[in-house]
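Accompanying notes for the structure given below.
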Amino acid sequence: MPAPTVGQAPSLNTFLKSLKGTEIETSIELLISLLKRRQIKNSRPCAIATAKLLLQVVAEQRWRSAQDLIKRIRDVGRKLVAAQPREMAVGNIVRRVLGVVREVAEEDQDSTSNIAPESLPGSPAIVGQSLHRPALPSNISGFSPLSHGAALPQNVQTQPQSGTSSPSLDGSVDSPPRRPPMPNAGGSYAGAAPHTSLFGIFQHPQGASPIGTPPIGSGTASPIPKSKKDQEEQKEKLDIKAEVIDGIKDLLEELDIVDKQIAESALDHIHSNEIILTHTSSQTVQAFLTAAARKRKFTVIHVEAYPNDHESTHSTIVNGGQKTGDDAEGDERWKPLTAMGIKVIVIPDSAVFALMSRMNKVILAPHTVLANGSLIAAAGASTIAQAAKVHHVPVVVLSGVYKLSPVYPFDTDEMIEYGDPGKVIPYQDGEFMDKVDVVNPVYDFVDAELVDLYITNLGGHAPSYLYRIVADHYRTEDIDLTSKT
Amino acid sequence: MPPKGKKGGGGAKDKKGGEDERQEPLQAVVLCDSFETRFNPFTLERPRCLLPLANTPLIEYTLEFLAGSGAEEVFLYCGNHTDTVEEYLQNSKWLSNTAPFSLEIIRSTSRSVGDCMRDLDQKGLIVGDFICVYGDVVANISLEGALAAHRASREKNKNAIMTMVLREAGENHRTKPTHMRPTFVIDQDTGRCVHYEQIRPGQSATLDVPGEVLKDHVDLDVREDLIDCGIDICTPNVLAQYTDNFDWQLPRRGFLYGILKDFETFQLTIHTHIVTEEYAARVKNLQAYDAISRDVVSRWTYPLTPDTNLVAGQTFQLHKGSVYREEGVVLARSSNVGRNCVLGKATSVGDHSNITNSVIGRRCVIGSRVKIDGAYIWDDARIGDDTVIEKAVIANEASIGKRCKVEQGALISYGAKVSDGTTISGDRRVTTLKRKRGYEKDEVVQVPADPKIVGEDGIGYHMQFDEDEEEEVAEALLVGMQNMDLTVDDISTFDSDEEDDEDDYEPSHARTGSTRSDSFASIDSEESGENKSSVQEFHREAVNSLFDDMKKGTDPDTMQLELKSMRLTANAEDKQVRRALAVAFNKRVANLIESGKSPKEAAETLFPTYNRLVKGCVSSDEEYEQAEFLMFIQTDLTHRAQGEKMMLFLSNALATNDLIEPDGFEKWWNDERSTASEQLVAIRKDTEQLVKVLCEDDEDDSEEEEDSDDE
Amino acid sequence: MATSQPPTNDGPFNIVQTYQTLLHEDPDLTMPVAAIESLILGLSHTPSTTVSETLDLVSKLTLQLKRSIPNSISLSAGTDIFQQYLIANLQKPGPGGLSGDFENIRSHLVQNGRLFVERAKAARETIASFGRQFIRDGNTILTNGGSRVVGALLRSAAEEGNASGKGSIRFRVIYVVSTDDKDTESAENIAALRERDIPVATIPPTAIAYCLDQVTQCFVGAEGVVENGGIISRMGTYQMGMLAKAAGKPFYVVSESHKFVRLYPLGQQDLGIQQNVVDFQTAKGSEDADEGVADMDVETKVLANWRPEDAVDYTPPNLISGIITESGVLLPSAVSERLIEIWF
C-alpha cells in the first residue's frame, strides 16, 4: 500500500467518511460503484458500508409511514444487491434492517390494536385464523422457517390471506407478525406457521380469488397500505425513526463484536496440543485462535490460499491480522499467533490433502453461508473440506450471523466470482495468455454435508439447523428483494 | 468520489503530502479525440470514445478508471462529434447530480493534443498536479502508487514535471503495438526517462542516445517491453511548456521529445512509473481494440468486465467458459456459443449457428448455420443464414445477407448492407459515407452503393485509399514533414499512427493493405538512403539557428553562411534546407504574431530582408522547388495558430518580392498533395484569391467551390 | 363438481364410493384432497349437531375410507389434517359460544368444499412456478412417475423460458418409465413436454445408473412426506434417490404440503400398508407374505385388489436434497417440526 496521496483511491474508509453530509443519493451511487469496482469487498466491509448507508437512508426525512420506509429501503437494497450480487452480506443487512423496520411498525400497532394478546402462540391463534382473524396466521406464517427458499413463496403464500383479510384488520395483514426475531420466541412462530401452511386450504374463502399466482399476490397487497396509512399516519410517525435507527445501531454493534462473540467459544473447541488447519487471512478465525491461544498451546497449519489471498495471509501470520471493526482506522492489529507462542506452519494449498490425516480440526471462514447449510468460501475451501471428509477430520465453520443468507442456492455457479487471471499468470506473459485461457475463481462452494459444525455469534449449530436461524433473522416477505411488494 | 471522502481519507493517513497539495482537488484531463483517423470508417459517424468495447462505450472505462482513482474534477476534450459525446454523457451517470466527480466538457477548435493543452493553459482551469489520459484508456490500476511516485520525485526535484504510467508487458504481447515500439531509456535509480524513441520492429533498431545522457547516468534501462497506456501525471508546468513551444502537437512526439532535448537548457525532467500488476492499456487502433476486447472478455481487466455492468441497464451474467449473456438472449436449441463470447440483450441466434471468441451487441439477429469466430458485431446488426464471419468488425445496423463470407480483417460500417452470397475480402472497409474534403471539418456525405463490393441490392462502398491515392500520399507526406519539423526521427507518433492506420485495419495482424503500404514506401523513401538522424540533427539546428538569428536580427549573409556550413556538415540536400528555412520563417512569423503584430506586418518584416536566404535555396526558375517551398510552409502551418492568414501573407510577400513565380504558385496550387488533408485545405484556402490573381486561369477543384466565396 | 352429488345421494352416504367418484371425475385431484372433499360431503350429508358427534362421524368415515383402499398413506394425510383442523377449532369456544362457533365452522367447511380443492390445485401452480429457478439453461432433468406436480414444474420451466423475456432455458428431460406400458400419467407428462419443444428421453428403471452422469438434477413427486422428511413415493424412487446420492446429483422432492403425513417409517416394511412386492414362491405356490404387517393392525388386511403398479417405497431423508412445497424449499429436517405443530 503506497503512501496515500492527493488521489487517494476510494475505499471503505473514504466512503464512511464521505457519508456524513453527502447527499444521500450520491452516497448510494457511490457505494454502488465501489461495490462494482470491488473497492469495497468481502462480507464485513460490505455489511458495514450497507448498514451505515441505510442508517442515512432512515435518517433522511423523505418517508412518511413505515410502509414508505420499507419500500424505500427495498429499492435501495435492490440497487445495491444488483451492483454485486455475490456479496450476499449486502442483501443480508438490507433484509435485517427491513426486519427491524417491520418490527417497529408492528409494535407501534400493537399499542393501538388489541389483537396482540390473543394472537400469541399456540392454539389460541387457531380460532382466530380460521374464523374471526383470518389475516393473522398468514402473517405469522411469514415466519415459517421452511419458506426460506424460494423467491415466490412469500408473494404466493401471503396471497390467499390478503384475500381473506377483513377490512377492519387490514393493518395486521401487511404489517407482518409481531414476533421478536430471536429463537426464544421460536415457539410462537413454530406454533403458528404450520397451521396456515397445512391448514392453509381451509382458510376463510370470502374475498379475492384464492388461487395464488404471484402477480395477484402483489396486486392484492397494494390496496391495503392505502386504507392503512390513514389510520396509521398519526401514531406511527411518532418515534419509528428513532427506534429503527437504534435497531440499525445494534446491527452495527453486532458487526463490531461478532468476532469477539464467536471467539468466546474458542476454548470449547480448541484443546491443548491440537493441530488446527485453517485457511485464508480471516479475522474471525484469527480472533478465535488468539482467544484459544491465551489459555492453550496448539499448532496451527495455515493454508496460504494462493493466489487471491496469500499475501494477506502471510502478513496476517507475521504481523497479526488487521482488526476491521466498523471504525478501524487502518492499522489496528491482532497480536500475531506466533507472538503468543503458537506454532504456525504455512503450507501451499496443494499440500492440504497430504497433511490432512494429521489434523485434529479444520477451521474455515466462509464468505457466505447459505440457508441449506452449504457455504461459499475462498477458493480452496472445497478441497480442504473434501480432504477433511476423507480423513474424518471435523470441519468447523466460523461465521457471523450477518454472513448467513436466506437465499436458497438454486444455482451455485452463479455465486462463484471469477477474479483477475493476472494473479495466476502475470499479464506480462503475452504468449501464454494468447494461447491459454486463464481463470481465477475467487470462491468455492462447499456442500452442507462436508461441514460438521457452524459457530455463529449465537453459538454452535448443525448445518441442518441453520434454516431456523435464517427464519429467526429474516422476514419471509423480505427474502426476495426483487419483488415489488 | 465526493471530496470529503477523499480528503478525509487522505488527511487521515497522509503524512508527507504538503498541506497545500492536499487541499487541491485531484484533477484529470480526458482527451477524447486523439486527432487521428485510425478508426475510419467507424469514426466518420461516431466519436471514437463511444465505440463499444465489449458492448460498453470506451469512455465508460476511462471515466470509471478516473473515478476509481479518486479524481474529483474531470475536463473532457473532444474534437469532432463533441455534441454526440455530450449528449451521451448527459444521459449517463457521469453528468447526473450523483456523479462521483464534476465533469466538464470543453469545446475547443483544437486540432491536436498540443492545442488542447495550450487551450487548457489559457483557460487556467488546472490548479495543481493533474492526470492526463486519453478517452480510450482501459485500466484498473490504482493511481495511488503513481501519484505517490510522482510526488516523491517532485519532492526530490522541483523540475520533475511529469510522470508517465507504463504497464510492463513482456517481449511480445498482443496488447502492444506490433509495428511501432515505444522505447524508453530510463535512469534506474531515479526512474527518470532520459531518452525516448519509437522503433519499428524489423528495422535495425538503433537508438541515438545523446552523449550527455550517457555521461550523466550510470545505470540506464532500455525498455521496449512497456505498454504506453497514455496515462500521464502532469504538473501545471507541463501546460506552460506546451504554450511556450507552440509547435508541440503530441504528448510523446512533441512534448516528451522536446523536453528531453532541451534538458540542458531547462533542466526539466520526466519520470516513469512502471506498473507490473493490474491492467492498463489504450485502445489506440483496431489492433489494440481487438487485443483489449479479448483482455476484457477473459477478465484481465477485472473488475472492469462485462458482468460488472458498468453502464446502467446492462444485465450481463457470466456463464461457464467466460461467456457473458445479457437477459433475453434467445439461443436456438441446436446453436452453440463457445468460449469467450459476449451476447447483448435480446440478441437471437438461429439453429446450428456456432459462435466463438466474439462480441455481439444488443438486438442482433443471427440466422441459422452461421459461423462466427473472433468477430466484433455491434448493436442491431443482422447476419443471414449460412454466413461465415471471421475476425471482422461489423458496426451497428449493418446487415449481412445469406451465404456471405466476411473474411478476416474486413470492416463493415454503420448501416451498410451486404446482399446475399457476397464475399467481403479482408482488406475491405465497407461504409456508406465518405468524409468530404470540405473546409468544414467533419462533413460526411452519402456515397452511392458499389455493387462490386456489396452485391446487387447492397448498400455501401469500399472506402478505398488506393481509389483516391493522392489523399493517402499527401496525408503521409504531410506527416512526413510534420515530424520533420517536430525535429524527430521520421517515426513520429503521428506517422506511426498513420502507420497503425494502415496496418491495423486488420484487427488480426494480417497485413493485407499492401497497396497502401506501397503508397507509403514512396514517402518514406524520401528519407531512406540517407542517415536520418543526421538529417534530423541538421534540420533541428538549422531551424533553431535561423530562428534565433532572425530574432537577433543577424545579418542575412552570415546566416546564409551558417546555413551552408551546417548543410555541408550534415550533407543535407537543398530540400532539407528549404524545409528548414520554411519552418524557420513560420516560426519567426508566428512568434512575431505572438508578440502582437498582425500576420500581415509579421510576414512583411521577413522580406526583403531574407530574400537572399530564399534565393539561396529556391531558384527562381525551378518552379518545382518553389512549389515545394510553399508546400513546406503550408504543411508546417497546419498546426500553427492562424495558419491560413500566415499562409496568405507569406505567399503574398514571397510573390511581391518575386521570390516565387506565378508558375510556382500554380504548380503548388494544382499539386494534389497541397489539398490532401482538410488542414492543408484550410490553410491554403485564404490564399486562393491571391493565387487566382497571380495566375489567371481558374484553379477551383470541385471540392473548393464553397470556399471561393468566403474571405 | 362438489355440487354434483355422488350417485349414492339418496341412500346412506357411502364415503368410499364418493371418494372414488371424486378421484375418477377429476383427474387433477390428489388423494388427500379427495379424502377431505369426501369427508366434507359426508359432514354435509349427516346432520351432526354436537362436536363430539361430528368428530365421531369423521373418524368413522376416515376409517372406512382407509380400509377401503390398498394404500391409505397419502389419503390419510388429508384425513388427518381435516381431523386435526376440526379438533383444533371445535375445542375453542368462540364468541358465539360453543354451538354458534361449531355451526360456523361446519357451515364454513360445507360451503367451501370446492374452494379447498381449488386451493390445493393453486398450491400446485405455485410450486410449478419455482420451476424456472431450479431449471437452468443446459440442464438435464431426471424424473419418474406421473406426478402432476413435477409435470407442472417442468412445463412451467419450459414455458417461462421464452415468455418471461429472460432468455431461453434449454433443458432436456430423461423420464424413467416403468416397463409395463400401463403408466399413462407419465405418458401425458412426456407428451406435454415434447409439445413444448423439450426433448424427452424415456428410459427403463434399469437404465438410471447408466444415464445418471448426464443428469444435472432429479425431481420426483411423492404420495406422502413423512415426519422425518423422507418420502413415500412410487416404487423405484428410493432406488433413484440412492443412485443420485451415489452420483452426487441433487435429488429434489416436489410435493404440496397437504401431503405431509404423520408417519415415521423405520424402513420399507414399516409403512403400515401391505404390498406383496416381495413374494417368495416355491413350487407349492407363494408362502404367506407377512412382511409389512405393522403394528397398526387395525388397518392391515390382505388386499385382493392390490396392483403391482401401485407399489410404493420409502425414501429416507438423507437422500433428499430438498422438498419443494408451495411455501418454499424445505430441508427434510424441517418437515417434522411442521407436522408436530398440528398434532401438539
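In the text below, chain A, chain B and the rest are named by the order of the sequence lines, each starting its count at 1. The figures here come from the full heavy-atom set of this structure, side chains too, leaving out hydrogens, waters and symmetry mates.
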Worksheet item: Do other residues, nucleotides or ligands put more than 12 heavy atoms under 6.0 Å from B/Glu278 CD?
Response: yes

Fill in: A/Lys41 atom NZ: more than 12 heavy-atom contacts under 6.0 Å
no

Discussion item. Which label fits A/Tyr427 and B/His173: parallel for a plane angle under 30°, tilted from 30 to 60°, or perpendicular past 60°?
Written reply: tilted

Would a 4.5 Å heavy-atom cut-off, applied to side chains only, mark [X] and [Y] as touching?
X	Y	answer
A/Asp437	B/Arg339	yes
A/Gln39	B/Pro303	no
B/Arg294	A/Met433	no
A/Asp413	B/Lys320	yes

Exercise: identify the closest heavy-atom pair between [X] and [Y]:
X	Y	value
B/Ala67	A/Pro10	O-CG, 3.7 Å
A/Tyr418	B/Leu318	CD1-CD2, 3.5 Å
B/Ser298	A/Pro421	O-CG, 3.3 Å

Fill in: Contact leader toward chain A among B/Ile227, B/Thr308, B/Asn97, where contacts are heavy-atom pairs under 4.5 Å
B/Thr308

Worksheet item: Counting distance only, does the side-chain N/O of A/Glu29 pair as donor-acceptor with the main-chain N or O of B/Ala99 below 3.5 Å?
Response: no

Item to complete: Mark yes or no for whether B/Glu168, through its side chain, and A/Gln428, through its backbone, hold a donor-acceptor pair below 3.5 Å.
Response: no

How far does [atom1] of [X] sit from [atom2] of [Y], to the nearest 0.5 angstrom?
X	Y	atom1	atom2	result
A/Asn440	B/Arg299	CG	CZ	9.5 Å
A/Glu23	B/Thr98	CD	OG1	9.0 Å
A/Arg37	B/Leu304	CZ	CG	8.5 Å

Item to complete: Could you look at B/Glu64 and say if it's the side chain, the backbone, both or neither that has a heavy atom under 4.5 Å from chain A?
Response: both

Practice prompt. Heavy-atom distances under 4.5 Å only: say whether B/Ser322 touches chain A with side chain, backbone, both or neither.
Written response: neither

Discussion item. Given heavy-atom pairs under 4.5 angstrom as the criterion, report whether the side chain, backbone, both or neither of A/Glu414 touches chain B.
Written reply: side chain

Worksheet item: Given a strict heavy-atom distance threshold of 4.5 Å, which part of A/Glu25 is in contact with chain B: side chain, backbone, both, or neither?
Response: both

Fill in: Trace of the side chain to side chain contact (heavy atoms under 4.5 Å, CB included) decision for B/Asp307 with A/Arg86
CA-CA 12 Å; B/Asp307 60 331; A/Arg86 295 181 205 82; 3.7 Å; yes

Worksheet entry | Residue, of A/Ile28, A/Leu19, A/Ile425, that accumulates the most heavy atom pairs under 4.5 Å with chain B | A/Ile425

Worksheet entry | Which residues share a side chain to side chain donor-acceptor pair (under 3.5 Å) with B/Ser153, sequence neighbours left out | none

